Asks: 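Right, I'll just put the structure down here and ask away after.
So that the names make sense, note that chain A is the first sequence line, chain B the second, and so on, each numbered from 1. Computed from a prediction, not measured in an experiment: that's the story for all the values here.
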Protein chains: 2
Amino acid sequence: MKIDPNSNADLSVQIAQAIRNAIISGQLIVDERLPSEAELADQFQVSRPTVREALKRLAAQSLIRTQRGASGGAFVNRLSFEDAYSQQITTSTLLLSMNAVAFDTACEARYALERACAPLSAQRRTPDQLATMRAEIFRQSQPGLTDEAFCASDVAFHRALVDGAGNPVLSYQLAGAVEAMQPLMNMITFTARSREEIIALHTEIADGLDEKDAESVDTALCALERYTRKLALDVAERKRSKTQ
Amino acid sequence: MKIDPNSNADLSVQIAQAIRNAIISGQLIVDERLPSEAELADQFQVSRPTVREALKRLAAQSLIRTQRGASGGAFVNRLSFEDAYSQQITTSTLLLSMNAVAFDTACEARYALERACAPLSAQRRTPDQLATMRAEIFRQSQPGLTDEAFCASDVAFHRALVDGAGNPVLSYQLAGAVEAMQPLMNMITFTARSREEIIALHTEIADGLDEKDAESVDTALCALERYTRKLALDVAERKRSKTQ
DNA sequence: AGACTTTTAAATGTCAGACAAATGAAAAAT
DNA sequence: ATTTTTCATTTGTCTGACATTTAAAAGTCT
């Protein structure tokens with residue numbers, strides 16, 4: 001683990017990169033303890049605050065965790081699926097909100113990915129996941145539900161669909177798509193949407209999964225995509241006519 | 001932007017979270033300058049090193065960038081697709097390498113996602129992307145190509161396929177799947193694989209995209225998935241017989 | 001001897017103050 | 001008017017110190 005003395009990048013960046021490389025390459029294994037901050041400072045010939053800034057960078061990416069006290073220190077973290085989920089969601093949310101991604105683009109990506117899960121989910125969904133979906137549909141049909149709660153229930157429904165595939169890697173990849181894009185879509189379309197229509201399609205999806213009928217799930221997802229896009233179009237149309 | 005004086009979390013974590021929230025909620029907009037470190041220290045009633053640790057955490061997530069000098073400071077960063085790609089790839093790589101994900105699970109996820117792109121790519125792929133794929137196939141057929149180079153070319157081929165869908169959100173979501181999993185798969189299967197077989201399937205995919213024939217692309221991808229899984233099985237089998 | 005309590009040492013968390021280096025803007029000189 | 005110089009601001013880094021947490025070692029009592 002060495003840093004390049006000729007590089008003009010910030011020292012804390014270089015040190016973070018050196019440690020990151022050691023972790024990725026397997027020189028540092030999960031749960032292994034890093035040298036103490038003082039030792040690292042000595043090793044890299046920098047001060048402790050500089051080492052600390054480097055460690056905080058790594059901690060922000062869940063690459064390490066720190067523990068205080070005797071026999072404490074920084075340890076290589078086993079990146080859990082949950083940690084990865086939340087990072088994925090944060091990144092996706094910011095990416096969408098900051099880059100003015102066209103609604104159609106986001107919508108297309110989201111449904112393409114979700115449709116990829118559907119056949120697997122039709123095969124493998126557990127009764128528990130089906131029950132979750134039914135419960136969310138029921139919640140969505142309750143009158144007096146706020147828009148926020150409806151959106152959250154919508155997300156939970158689609159999460160259950162994705163988790164139904166029983167593939168944690170797939171669930172992880174899709175966390176960003178579902179959790180970041182659904183609220184975005186709801187925000188745009190909630191003024192125009194018909195909850196009945198959505199609930200009907202959700203029911204169709206749940207029925208399809210119940211009967212392990214991948215085909216009909218796919219059809220319903222396509223219909224939901226079409227409906228969502230049409231809503232966005234209507235909203236845009238209305239906005240245009242209002243400004244004129 | 002306030003922190004909870006009763007919380008016992010590290011101050012730098014709390015401060016980072018407060019600023020992060022301000023960015024996500026839109027209180028701080030892209031390219032806006034944060035107060036200087038000294039002002040933030042004053043505002044949060046902490047020392048400058050503590051503020052700096054918080055800022056480094058945010059910088060590690062590409063949420064801010066810093067600039068030295070007069071009129072320098074920390075600025076809210078527009079999260080670019082490229083930044084998001086590389087974060088996605090790092091996270092995915094670590095997730096796979098640290099969690100002992102079953103080969104079949106990773107393989108299934110990767111091809112499910114890639115197949116989701118295929119129909120869109122068949123519709124929209126540019127001549128340029130087709131040319132890239134042909135070029136990579138040619139490179140793969142060169143004798144004397146190292147395993148690393150073959151793997152890199154493999155990744156480039158699949159990236160071109162994914163980018164062919166012309167949907168940056170989709171490309172972003174799939175960056176992790178392709179770039180993290182392909183090397184993993186190559187590492188496991190390179191001893192047993194036949195480059196000819198893979199090149200033949202790649203050619204089938206390129207041909208299908210050329211003719212905008214989504215069906216045949218899907219068939220070839222499925223065949224590639226089957227072949228990859230069979231390889232892994234063979235390798236595992238061989239390993240077992242060797243230890244006995 | 002064994003169980004409990006106290007002490008201690010090591011490590012991270014935080015603070016204060018200082019200097020270095022970069023950088024843009026204002027002031028001065030040409 | 002243009003170029004050069006100066007200067008203030010801001011981040012990057014260092015030093016040294018103290019606070020807090022924590023596990024292990026030492027001590028104490030039953």
Side-chain angles (χ1 to χ4, degrees), chain A residues 1-20 22-23 28 31-77, chain B residues 1-20 22-23 28 31-77:
Chain A
M1 252 180 358
K2 285 266 167 63
I3 59 176
D4 176 12
N6 298 323
S7 165
N8 58 351
D10 290 355
L11 290 172
S12 71
V13 172
Q14 292 185 59
I15 292 169
Q17 192 57 53
I19 298 176
R20 194 187 345 263
I23 294 175
L28 292 169
D31 291 335
E32 185 171 343
R33 184 180 173 282
L34 272 66
S36 74
E37 293 174 354
E39 285 171 320
L40 285 171
D42 221 49
Q43 188 176 323
F44 287 114
Q45 287 287 299
V46 299
S47 68
R48 193 158 81 96
T50 302
V51 167
R52 281 182 62 79
E53 287 179 11
L55 294 178
K56 294 319 160 201
R57 288 180 194 273
L58 297 173
Q61 297 180 308
S62 308
L63 281 168
I64 60 168
R65 61 179 185 277
T66 56
Q67 210 171 358
R68 290 175 73 167
S71 76
F75 297 83
V76 178
N77 202 23
Chain B
M1 252 180 359
K2 284 265 168 62
I3 59 176
D4 175 12
N6 298 322
S7 165
N8 58 352
D10 291 354
L11 289 173
S12 71
V13 172
Q14 292 185 61
I15 292 168
Q17 192 57 54
I19 298 176
R20 194 187 344 265
I23 293 175
L28 292 169
D31 292 335
E32 184 170 344
R33 183 180 174 283
L34 272 66
S36 73
E37 294 174 353
E39 286 171 320
L40 285 171
D42 222 49
Q43 189 175 323
F44 287 114
Q45 287 287 299
V46 299
S47 67
R48 193 158 82 95
T50 302
V51 167
R52 281 182 61 80
E53 287 179 12
L55 293 179
K56 295 318 158 202
R57 294 181 124 99
L58 299 173
Q61 298 180 308
S62 308
L63 281 168
I64 62 169
R65 60 179 185 279
T66 55
Q67 209 171 359
R68 290 173 75 168
S71 75
F75 298 83
V76 178
N77 201 24

Asks: Determine to 10° how strongly the helix from C:dA1-D:dT30 to C:dT30-D:dA1 is bent, judged from the axes of its five-pair ends.
Replies: 10°
Asks: Using whole Å, what does the distance between atom P of nucleotide C:dT12 and atom CG of B:D10 come to?
Replies: 12 Å
Asks: If a protein heavy atom is under 4.0 Å from the base, mark B; if only from the sugar-phosphate, S; if neither, -; do that for nucleotides 15-24 of chain C going 5' to 3'.
Replies: B--B--BBBB
Asks: Measuring from A:R52:CZ to A:I15:CD1, what's the distance to the nearest 0.5 Å?
Replies: 13.5 Å
Asks: I want to check something: taking the side chain as every heavy atom from C-beta on, are B:R20 and B:Q17 in contact at a cut-off of under 4.5 Å?
Replies: yes
Asks: Which whole-number value in Å describes the distance from B:F44 CZ to C:dT14 C1'?
Replies: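 Result: 16 Å.
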Asks: Taking side-chain contact (heavy atoms from CB on, under 4.5 Å) as the definition, give me every residue that meets it alongside B:Q43, ordered by chain and number, with sequence neighbours left out.
Replies: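 Result, side-chain contact (heavy atoms from CB on, under 4.5 Å) vs B:Q43: B:M1, B:P35, B:L40.
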Asks: How far does CG of B:L55 sit from NZ of A:K56, to the nearest 0.5 angstrom?
Replies: 14.0 Å
Asks: State, to 0.1 Å, how close A:A54 and A:S12 come at their nearest heavy-atom pair, and which atoms those are.
Replies: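 So the two residues come closest at CB-O, 3.3 Å.
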Asks: Please check: side-chain N/O of A:R33 versus main-chain N/O of A:G72, any donor-acceptor pairing under 3.5 Å?
Replies: yes
Asks: Is A:R52 close enough to C:dT12 that one of its side-chain N or O atoms is under 4.0 Å from OP1 or OP2 there?
Replies: no
Asks: With sequence neighbours excluded, what pairs up with A:Q14 under the side-chain contact (heavy atoms from CB on, under 4.5 Å) test?
Replies: A:I3, A:D4, A:S7, A:A9, A:L11
Asks: Please tabulate, for side-chain N and O atoms in residues 64-71 of chain A, each donor-acceptor pair with protein atoms closer than 3.5 Å (sequence neighbours left out).
Replies:
from: A:R65; atom 1: NH1; to: A:D31; atom 2: OD1; distance (Å): 3.4
from: A:R65; atom 1: NH1; to: A:V76; atom 2: O; distance (Å): 3.2
from: A:R65; atom 1: NH1; to: A:N77; atom 2: OD1; distance (Å): 3.2
from: A:R65; atom 1: NH2; to: A:D31; atom 2: OD1; distance (Å): 3.0

Asks: Would you say B:I19 and B:L63 make side-chain contact, with heavy atoms under 4.5 Å?
Replies: no
Asks: What range of DNA chain D does chain A touch, first nucleotide to last, counting atoms under 4.0 Å from its heavy atoms?
Replies: D:dG12 to D:dA23
Asks: Less than 4.5 Å apart, side chain to side chain, heavy atoms only: is that true for B:Q61 and B:R57?
Replies: no
Asks: Which part of the nucleic acid does B:R65 contact within heavy-atom distance under 4.0 Å: base, sugar-phosphate only, or nothing?
Replies: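 Nothing, no nucleic acid heavy atom in range.
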